[in-house]
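Structure first, then comments.
Each residue takes its place number in the sequence, starting with 1.
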Amino acid sequence: IFILDLAKKYCFVERYVENWIIILDVNGAGIFSFPTKKVKKIIEIFQVKYCACLEKMYLVNPSAGLKLFFSLIARFIDPITKSKIKLVDRDSYQLMT
């Protein structure tokens with residue numbers, strides 16, 4: 001958080017919204033091995049300290065179970081938020097450009 005605060009303080013232009021792209025390599029983690037508490041904490045911090053800054057979030061190398069789980073909960077996520085979250089396989093890294 002310290003580094004993010006430094007970036008926000010010294011690198012951003014005042015009165016402009018800065019958009020962040022977050023890349024989270026889940027390294028094939030499944031539903032039960034996914035670090036949900038850590039990811040929840042990251043999301044909470046971003047909601048409070050860096051509100052409305054998320055441009056895209058890429059979850060790289062998701063397992064088949066995680067993809068299935070996301071497809072099940074995706075219908076309950078706000079459409080704008082859902083459009084910002086992308087699950088990216090090793091085969092499709094070029095989709096992140």
Does the side chain of Asn27 come under 3.5 Å of the side chain of Asn61 through a donor N or O and an acceptor N or O? no

Has the side chain of Lys86 got a donor or acceptor atom that lies under 3.5 Å from a matching backbone atom of Met57? no

When rounded to the nearest 0.5 angstrom, what is the spacing between CD1 in Ile21 and NZ in Lys84? 11.5 Å

Linked, directly or transitively: Leu54 and Ile80 (ILVMFWY side chains, under 4.5 Å): no

Is Ile77 linked to Leu72 within one hydrophobic cluster, defined over Ile, Leu, Val, Met, Phe, Trp and Tyr using a side-chain heavy-atom separation of less than 4.5 Å? no

Is it true that a side-chain atom of Lys56 and a backbone atom of Ser83 form a donor plus acceptor pair closer than 3.5 Å? yes

dist Glu55:CD -> Asn19:CG (nearest 0.5 Å) comes out at 4.5 Å

Are Val88 and Leu68 joined in one hydrophobic group, where the rule is that I, L, V, M, F, W and Y side chains link up if heavy atoms are under 4.5 Å apart? no

Drop me the distance from Phe70's CZ to Leu59's CG, to the nearest 0.5 angstrom. 7.5 Å

Same hydrophobic cluster for Val26 and Ile73, using side-chain heavy-atom links shorter than 4.5 Å among ILVMFWY? yes

